[in-house]
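Because the structure is predicted, anything quoted here is derived from the model rather than measured. Atom set for the values below is all heavy atoms of this structure, side chains included, hydrogens, waters and symmetry mates excluded.
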Amino acid sequence: MTPQLAVAKTTVAAPARPAGPATAASAAPDSAPSPKPSAETSGQASATAAPGSALGTAGLVTVLLGAFLPMLDFFIVNVALPTIDHDLAAGPAVLELVAAGYGIAFAVLLVLGGRLGDIFGRRRLFVVGAAAFALTSLACGLAPGAWTLVAARAAQGASAALLIPQVLGTITAATHGARRGRALSVYGAVGGISVVIGQVLGGMLVAADLFGSGWRSVFLLNVPFALLALVLAVRYVPESRAEQAARVDVPGTLLLTAALLALLVPLMEGRAAGWPLWSWLLLALFPVFAVAFGVVEVRAERRGATPLVPPSLLRIPEMRRGLGIALPYFGGFGGFMFVIAVALQQGLHLGPVAAGWALVPMAVGYFAASLSGPRLIGRFGSRVLTAGAVVQALGLITLALTVLADWQHFSPLRMAPGVALAGIGQGLIGTPLFRVVLSKVPADRAGVGSGVLATGQQSSLALGVATLGSLYLALSSTLGMDRALALCLGIQLLGSFTILYLTTRLPRSIG
């Protein structure tokens, strides 16, 4: 690592108001000196926290609420799309944009959101992000037309990109040791549970038609909870930022945005538009933008500047290998949730509520695995992820065999064993994954590290929906829904084998 990459200690400012009882009670264990940096992070000083600035229980609940809402909204809209189409006469292409606009804006701005938190303060950006998320959710809920809703959804995704990196950044900067590991494990559990709850809650809200709001309640529900997170953050979340504020990497930001747009827009919109020429041209430009982004970031770091995604950060083995696991894990997870929802509603003709409840065994399995995750990680280390990959593979095999055995009598009850096993496996992988990736990231680079991880998460979810979803929709009319579903499960199974291999390359002990 070059001398220019040595980073000074982070100064974590005390909260503007006195810490509450929950914060004060947990401050002592978190204020202990952090462990000596490992070889992977040599040249970077460890971070210190000012007295009283540790993230207490109330603060942790607050930032997790801020994380839950944006992740919930990635999927909650899916079951509302038919009603939106009926009310706003949107059409299939515009409906794709309602779903895709949020995910694209979310993914392309996440790293920038992490950098802004490093510069201006993570609590401040959390408050701004929560306020923006409340306002944009209100705009979505009150949208008078389809294109207004598309614009509001893109703005909602941008506000989510301000909010999410501050959660991981705050946890990494304001907690230490075992408490940080537990907090990151809970964050991983919240991410997985929010996806399943999104499918169930979205169907229930649309069916309930609260006060005649129909699909609008899916968005309006966010407003009070986002405002609650804002108020609680001012009281319970400590401020933290990088001591040396780096400038925003404008060329890197533009190239990363261009690369992600060139990949995600055609994958999400190409099928609905009939794969026109522009979609193929954008896909051809993706590797060009990606290579240009890499070259710009390497050059920026060599001359002592602070790139958007520092290449030295990716040289940390835990970060690099963890991101390698994140791609098949989140891609498979996002694709599975989309494909199974479509198969249940179009193939079995279940309503949105029944289709959502069919995934409850997965949520229960995921939650149970998440609760035991921190204790298992402390005892078995990265072997927990290896076991999770095996259990997930068994669940996918069980579900695929159930689909192929008797599709005519396939039902939520018959699919329960397979999805429950898959949920347990996913919980054993997803819960410690964030802990693995961020375990060796210095606190003063928590914002950018969190932004990179969150971008990988959201991009992988979007890729999974676009690739597996498009494949299923394209093949179901020719192969039949059962074989198309089994094929998608088989592709996800290959991802489980990839995860299984990569987990064996991780250090057995996880910090």
Side-chain angles (χ1 to χ4, degrees), residues 75-76 78-83 99 192-193 195-204 206-207 271 328-329 331-369 388-427 461 464-497:
F75 284 94
I76 196 172
N78 287 345
V79 292
L81 290 176
T83 311
I193 292 296
V195 175
V196 182
I197 291 178
Q199 303 277 113
V200 177
L201 183 60
M204 293 177 66
V206 172
R271 185 190 61 82
Y329 173 73
F333 193 35
F336 174 85
M337 296 300 294
F338 178 84
V339 169
I340 200 69
V342 173
L344 290 174
Q345 294 185 70
Q346 293 186 355
L348 299 182
H349 305 291
L350 298 180
V353 177
W357 278 105
L359 296 172
V360 168
M362 173 177 281
V364 172
Y366 195 108
F367 187 65
V390 173
V391 176
Q392 183 188 40
L394 291 175
L396 293 172
I397 292 171
T398 301
L399 186 57
L401 291 176
T402 306
V403 169
L404 294 174
D406 189 0
W407 176 248
Q408 294 299 322
H409 297 93
F410 187 75
S411 67
L413 182 60
R414 293 194 175 194
M415 66 183 279
V419 295
L421 279 173
I424 293 171
Q426 288 163 348
L461 284 170
V465 172
T467 54
L468 287 179
S470 296
L471 181 65
Y472 175 79
L473 293 173
L475 296 179
S476 58
S477 59
T478 55
L479 292 181
M481 291 190 176
D482 53 345
R483 291 183 175 85
L485 176 56
L487 177 61
C488 290
L489 293 172
I491 294 174
Q492 190 183 357
L493 181 62
L494 293 178
S496 296
F497 292 147

Original post:
Side chains of Met337 and Leu359: does their closest heavy-atom pair fall under 4.5 Å?
Top reply: yes
Original post:
Say you draw a straight line from CG of Leu461 to CZ of Phe338; how long is it, rounded to the nearest 0.5 Å?
Top reply: 13.5 Å
**OP:** Report the C-alpha distance between Met415 and Leu399 in whole Å, list the side-chain angles of each, state the deciding distance to 0.1 Å, and finish with yes or no for side chain to side chain contact (heavy atoms under 4.5 Å, CB included).
**Re:** CA-CA 6 Å; Met415 66 183 279; Leu399 186 57; 3.7 Å; yes
Original post:
Got a second to check how far Leu473's CG is from Met481's CE, nearest 0.5 Å?
Top reply: 9.0 Å
For residues 484-493, please give each side-chain donor-acceptor pair under 3.5 Å, one per line with the distance, not counting sequence neighbours.
from: Gln492; atom 1: NE2; to: Gly332; atom 2: O; distance (Å): 3.4

Pairs under 3.5 angstrom only: tabulate donor-acceptor contacts from the side chains of residues 416-425 to other protein residues two or more places apart or in another chain.
none

**OP:** Taking all heavy atoms of Thr402 and all of Thr398, pick out the closest pair and write down the distance.
**Re:** OG1-O, 2.7 Å
Original post:
In chain order, what residues pass the salt bridge (charged side-chain N to carboxylate O under 4.0 Å, His left out) check against Arg483, with sequence neighbours excluded?
Top reply: none
Subject >> Nearest-0.5 Å distance that lies between atom CD in Gln392 and atom CZ in Phe333 >> reply: 9.0 Å
**OP:** Report the residues that fulfil side chain to side chain donor-acceptor pair (under 3.5 Å) with Gln426, sequence neighbours left out, ordered by chain and then residue number.
**Re:** none
Subject >> Considering all heavy atoms, the nearest Ala354-Leu350 contact >> reply: CB-CB, 4.1 Å
Original post:
In chain order, what residues pass the ring pair (Phe, Tyr, Trp, His ring centres under 6.0 Å) check against Trp407, with sequence neighbours excluded?
Top reply: Phe410
**OP:** Compare every heavy atom of Ala393 with every heavy atom of Phe497, then report the nearest pair and how far apart it is.
**Re:** CE2-CB, 4.3 Å
**OP:** Considering non-hydrogen atoms only, spot the tightest contact between Ser496 and Ala389 and give its length.
**Re:** O-CB, 3.8 Å
Original post:
Could you give all pairs that pass the salt bridge (Lys or Arg N to Asp or Glu O under 4.0 Å) test and reach residues 340-356, with sequence neighbours left out?
Top reply: none
